[in-house]
Amino acid sequence: MSEIKVITIDGPSGAGKGAVTQTLAARTGFHVLDSGALYRLVGLAARQSGLDLLSEDAVASLARGLDIAFEPAKAGPEPLTIWLSGREVTHQIRTDEAGVDASTVAALPKVRDALGDLQLSFRKPPGLIADGRDMGTVVFKDAQVKIFLTASASVRADRRYNQLKTKGMDVSLADLLDSISARDARDSNRSTSPLVPAEDATIIDSSDLSLAQVHARVWSVIENSDLIGANVNADEVETTDGP
Ligand code: C5P
């Protein structure tokens, strides 16, 4: 078992995982794994190769050979700049369509297996914050802190609507709610690594909480865990309001 500490943040899309992951990363200095981005990249790569997204062996083989790079972004709303096969795809993988493609390929067990080692390779000193659906249940079962962050589907659709509008994207709230509900159903009902809280996860419902409040709750879980004392900076960091 690895000595390197891990905090897992699982939950459905739009629950505020990405935002809280960033505030925790700023406070702890830990690395970040955005596992959803990996599935989004596989979906995009499969589209670009003209593959049927359901042809499991072909998509898994593509996932094993992904040529990707992540770099902290210098500016803008996205924390990471992301490349696929030498081309920048930071914004392309964040569309709702890319999310649907991600959840389609993510339901294929061989694709999940193919991304296993890549995900484990993000576990480096001083520690890792892993954001996804199965971080605490499958990939990092031995994580010291497990959070399951959720929110009602309508609150998540509202947040996503505002986020996409800010980015200048033309979206319909009703379509987003449908798409979020369909994605929740696909992620929760699949047989491999379904979206469920780990037995030892702390469940936080962010529907009525600001980002600062979510961060404070997560931090109190961290303070009561084995993680404190593991070179974690306990000073406050600033968080913008709203998850
Ligand atoms: O988190 P994000 O919305 O970017 O994830 C996109 C999709 O990738 C999810 O809807 C889910 O189907 C899939 N995913 C997954 N397991 C993870 C992370 C994401 O199945 N650990």
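We number each residue from 1, following the sequence as shown. Whatever order the structure lists them in is the order used to number ligands and atoms, beginning at 1.
- Taking the charged nitrogens against the carboxylate oxygens, Lys146 and Asp10 have no contact shorter than 4.0 Å, which rules out a salt bridge.
- Just one of Thr23, Thr28, Val214 meets the side-chain contact (heavy atoms from CB on, under 4.5 Å) condition when paired with Trp219; it is Thr28.
- Within 6.0 Å of the CG atom in Asp208, the count of heavy atoms belonging to other residues, nucleotides or ligands does not exceed 12.
- Defined by atom type and a distance below 3.5 Å, a donor-acceptor pair is missing between the side-chain atoms of Thr192 and Arg112.
- The contact shell of ligand 1, taken as protein residues with any non-hydrogen atom closer than 4.0 angstrom, comprises Ser13, Ser35, Gly36, Tyr39, Arg40, Ala102, Ser103, Ala106, Arg112, Gly132, Arg133, Asp134, Met135, Arg183, Asp187, Arg190.
- The heavy-atom pair separating Asp205 from Ala151 by the smallest distance is OD1-CA, 3.6 Å.
- The local environment of CZ in Arg190 is crowded, with over 12 non-hydrogen atoms from other residues, nucleotides or ligands closer than 6.0 Å.
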